A.B. asks: 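Sharing a structure here in structure tokens format.
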Amino acid sequence: MQELLEQLETLEKTANLAASIDHVQEAIDMLTAARAKIAADAQSAPLTLAKMQDPLKRTLEAAQKDIKPIYSGLNKYGKALDKKFKDKPLPSASNDALSSHPQLINRAIAMHLLREGEFGVASTFVSEANRHPPHPEPTPNTPNPYLDEPWEKNLADGTLNSEKLQKQFVEMYHILHELRQQRNLAPAIEWARERSDILEARGSNLEFELCRLQFVCHYVGHNPSGVDHDEVMGDLPLGPMVAWEYARSEFGVFQRRYAREVQQLMGSMAYWQNVDDSPYRRYFYNDSAWEEVATSFTREFCSLLGLSADSPLYIAATAGAIALPHLLKLQSIMEKTRTEWTTQNELPVEIPLPPTYHFHSIFVCPVSKEQSTDQNPPMMMPCGHVIAQESLDRLSKGARFKCPYCPGESHPRDARKVFL
Amino acid sequence: MAELTTTKLNAESHLILDQPLLRMPYELSRRNQKTAQRYLENSTKDILTLSTRTAQRAPSAAPETTLASIDTMISKMQGLKRKMSNLESEEQRLHKSTRARLQHLQDLYEVQSLVDVKYDEWSRIRLSRLLVDYLLREGYQESAAHLAMSTGIEKLVDVDAFVACHKIEQSLREERSTTSALSWCKENAKELKKQGSELEFELRLQQYIELVRQGHEKGIGGQDVDMDGDGMNGVSIAVGGGRQGGGEQKLVEARAHAKKYLSGSGDFGLLGRAAGLLAYRPWDDVEPYASLYSPHRWHDLAHLFLTTHHTLYSLPPRPLLHIALSAGLSALKTPSCHSAFTASSGAIASTTTSVCPICSTELNDLARNVPYAHHTKSIVEPDPVVLPNGRIYGKQRLELFNEGAGTEKGMVRDPVEGLGGDTWLEGDVRKVFIS
């Protein structure tokens with residue numbers, strides 16, 4: 001990259017059109033001067049013009065010569081570029097599964113824009129895409145894209161009319177904005193309360209986390225609504241008092257699930273004078289709490305819509321960039337050895353993705369080294385070891401057999417299908 | 001250790017998708033330089049002849065004439081200067097955008113790890129770039145420009161170049177006009193010749209076909225004016241005027257056109273077929289002439305133009321987004337993504353993992369046709385345990401879920417089934433060994 005930057009530097013500094021333009025201006029000056037002279041004294045015309053010939057020619061030639069450094073500068077830059085990308089060919093069009101589904105790609109893009117909060121761009125795109133529907137191109141797996149199964153068309157039509165989705169994401173960004181910028185928990189709590197049942201069924205702590213943060217806010221006296229509490233009750237200062245009131249009115253529903261946490265929060269009341277030094281400090285001085293709550297809110301929000309928390313398009317494109325070098329290498333090896341790719345359903349090489357890109361558990365049978373599928377599910381033997389169904393059949397041949405991993409013996413009918 | 005190898009970022013090999021990013025402004029710069037050179041050369045020749053001639057005639061000519069021709073020279077030079085200045089500002093724009101692009105790529109070299117937040121930012125910019133590229137290729141220019149502006153990556157994308165390209169493509173496809181495509185060919189004549197491009201020939205052939213078509217449609221006197229029913233059949237050939245006329249003229253024009261532009265090709269088979277058009281009319285429906293007359297040829301021309309254009313600017317034939325996505329979909333896809341059974345790790349019921357991007361609505365259908373990733377080792381959550389219904393979970397995640405869902409002490413629920421499902425005694429949960 002350094003090399004290219006250096007070449008560009010030369011281009012910017014010296015090899016540009018400025019010099020050439022200067023020379024053109026010089027020629028113009030020369031002509032204007034000659035004109036003035038002739039206009040003043042018509043007799044001098046032949047001489048002035050004759051005198052001008054040579055300098056004019058020289059100047060114009062100089063102007064042409066000024067272009068040369070640009071030419072050679074660009075050439076050098078081009079060579080550096082070639083060198084940089086010599087071993088990085090443009091990926092070829094092999095194995096194209098996407099050209100036949102432009103509708104689906106468009107839908108993915110529209111959803112991506114919405115979830116990234118680019119509502120303006122999204123609406124431009126949706127209206128433009130509706131005006132000019134894309135042209136599917138045939139691919140090996142889908143030779144007749146126009147005759148596609150109806151599910152695809154319905155789906156694509158359904159979500160490009162994206163108002164509903166947009167409304168949902170507008171709501172999400174509104175709540176997030178209130179959370180992050182205004183430190184206002186009210187909209188988030190309201191959202192979570194409306195979906196209390198679903199969240200609880202998912203085992204989500206979101207509602208409680210939000211309320212707990214609200215409690216802390218009251219306690220330390222942060223008050224986003226700006227309502228004044230003038231009266232001081234008892235001898236407790238205002239903050240903890242409000243928090244206490246809040247807990248009494250709101251925490252009732254959490255008693256069953258979060259009894260311990262609620263007790264802890266209440267316990268902090270005893271330390272109202274010096275929470276800093278108390279064991280409850282971690283609740284009250286946790287700067288990342290807001291960000292954590294916001295992230296957890298985003299995740300829950302998207303999950304309830306059946307969407308992943310981060311844009312799938314982003315994750316897939318990034319994973320693709322990570323995978324490409326490996327795929328290219330594979331391609332060149334296959335070309336060299338003239339081998340074909342035998343496993344149509346599975347990539348022939350392993351692509352090392354960072355652990356954050358693993359979203360499912362994966363079972364690779366330790367005997368056959370194949371991944372489990374619906375047809376070849378993982379089976380657990382009574383000893384607790386797991387192998388794939390096909391391996392089990394092959395090892396046991398229907399009779400008692402020994403586990404390949406431990407001395408345990410069992411009958412294949414005792415093995416149980418498991419789900420990862 | 002394994003983690004280190006999978007998260008290490010090798011910037012050098014990571015740039016595969018980014019070659020067009022630098023190629024485009026480079027090609028544009030070269031074109032810019034060549035245009036400047038051409039302007040200069042032409043004007044120089046022009047001015048110098050003009051100036052010699054003026055000098056020669058000056059002794060005998062009236063002063064006004066001399067002054068007038070000097071004025072012409074001055075205005076010509078000023079015109080040249082204006083053009084050059086335009087090219088210069090274009091040059092500066094290109095330099096700036098090249099610098100921005102190099103800097104953007106350089107940024108990647110400063111990131112060491114794929115899990116770095118900086119890589120995340122970089123990759124998001126890249127995705128926006130890929131999206132803009134895709135939108136431009138599909139002809140969604142407004143969206144592309146809007147997205148580029150809203151993500152602040154105008155310098156990293158070539159909206160204008162694509163808009164120009166799209167305009168020419170549309171003029172072929174929709175308006176059925178060869179004018180702008182031909183002038184593009186002229187601008188890039190040298191490179192096209194080097195490439196051995198057939199584009200110009202095909203365009204000229206199309207012009208010829210259209211001339212012939214017009215000729216036939218106007219009618220060569222007497223052959224297909226029967227509907228007039230005026231009994232003038234055969235007579236009008238000599239007359240050549242009136243309604244039937246012009247037909248021959250167009251055909252003559254077509255022949256001249258063919259002689260000028262097509263005869264040099266050397267493909268005698270094709271030339272023979274082209275000549276045959278003079279005899280066969282568009283509605284005769286005789287092969288191979290029918291396919292030459294076919295309106296579908298305009299789409300082929302548009303397509304040929306696009307390929308030629310993309311090759312010239314070193315752009316891949318397919319949108320980069322397709323390339324990145326198909327690789328990414330495969331790398332991420334697992335057999336569980338389209339499985340009939342809900343995967344325990346499918347996360348629908350889990351609070352600690354996020355929904356898999358392939359299972360997410362956006363990509364699920366797209367990923368149907370790509371192969372899934374190859375793995376040589378099982379990847380499971382730590383401390384796997386199995387529930388009586390056969391579902392396997394990481395012990396910690398199971399406990400976390402059950403705490404969150406408020407399951408009674410000593411009992412366990414299945415996260416996938418949620419609150420409506422069965423509860424089991426903790427003792428029924430078994431350890432499972434997965435290697």
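Just so we're on the same page: letters track the sequence lines, and every chain starts at 1. Fair warning: this is a prediction, and the values are worked out from it, not measured in the lab. Quick note: numbers below take in every heavy atom, side chains included, and nothing from hydrogens, waters or symmetry partners.
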A.B. asks: With only heavy atoms counted, which part of B:R57 is less than 4.5 Å from chain A, the side chain, the backbone, both or neither?
C.D. replies: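 For B:R57, no heavy atom lies under 4.5 Å from chain A.
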A.B. asks: What is the minimum heavy-atom distance between B:L40 and A:S20, and which atoms define it?
C.D. replies: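 So the minimum-distance heavy-atom pair works out to CD1-OG, 3.3 Å.
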A.B. asks: Which one of A:Q2, A:Q43, A:K57 has the most heavy-atom pairs closer than 4.5 Å to chain B?
C.D. replies: A:K57
A.B. asks: Supply the atom-to-atom distance B:S378 OG to A:L420 CG, rounded to the nearest 0.5 angstrom.
C.D. replies: 7.5 Å
A.B. asks: Looking at A:I21, is its backbone amide N or carbonyl O close enough to the side chain of B:E88 to form a donor-acceptor pair, meaning the two atoms are under 3.5 Å apart?
C.D. replies: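 Checking the backbone N and O of A:I21 against the side chain of B:E88, no donor-acceptor pair under 3.5 Å is found.
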A.B. asks: Is it the case that the side chains of A:Q371 and B:H375 hold a donor-acceptor pair, with the cut-off being a distance below 3.5 Å and no angle test?
C.D. replies: no
A.B. asks: With a 4.5 angstrom heavy-atom cut-off, is it the side chain or the backbone of A:I109 that approaches chain B, or both, or neither?
C.D. replies: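 Contact with chain B involves the side chain of A:I109 alone.
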A.B. asks: Could you state the interatomic distance from CD (B:E91) to CD1 (A:I70), rounded to the nearest 0.5 Å?
C.D. replies: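 If we round to the nearest 0.5 Å, B:E91:CD and A:I70:CD1 are 5.0 Å apart.
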A.B. asks: Are B:R124 and A:E116 within salt-bridge range, i.e. N to O under 4.0 Å?
C.D. replies: yes
A.B. asks: Angle class for the B:F433/A:H385 ring planes (parallel below 30°, perpendicular above 60°, tilted otherwise)?
C.D. replies: tilted
A.B. asks: In terms of side-chain geometry, is the basic nitrogen of B:R99 or A:E9 positioned less than 4.0 Å from the acidic oxygen of its partner?
C.D. replies: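 Looking at A:E9 together with B:R99, the answer is yes, because their closest N to O distance falls below 4.0 Å.
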A.B. asks: Is any NZ, NE, NH1 or NH2 atom of the basic residue among B:D18 and A:K84 found under 4.0 Å from an Asp or Glu carboxylate oxygen of the other?
C.D. replies: no
A.B. asks: Is the A:F125 ring parallel, tilted or perpendicular to the B:Y140 ring (thresholds 30°, 60°)?
C.D. replies: perpendicular
A.B. asks: Verify the distance criterion only: is there a donor paired with an acceptor across the side chains of B:T44 and A:Q64 at less than 3.5 Å?
C.D. replies: yes
A.B. asks: Mind listing the closest non-hydrogen atom pair of A:L353 and B:A331 along with its distance?
C.D. replies: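 Residues A:L353 and B:A331, closest heavy atoms: CD1-O, 3.6 Å.
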A.B. asks: Tell me, side chain or backbone of B:V115 under 4.5 Å from chain A's heavy atoms, or both, or neither?
C.D. replies: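 B:V115 touches chain A through side-chain heavy atoms alone.
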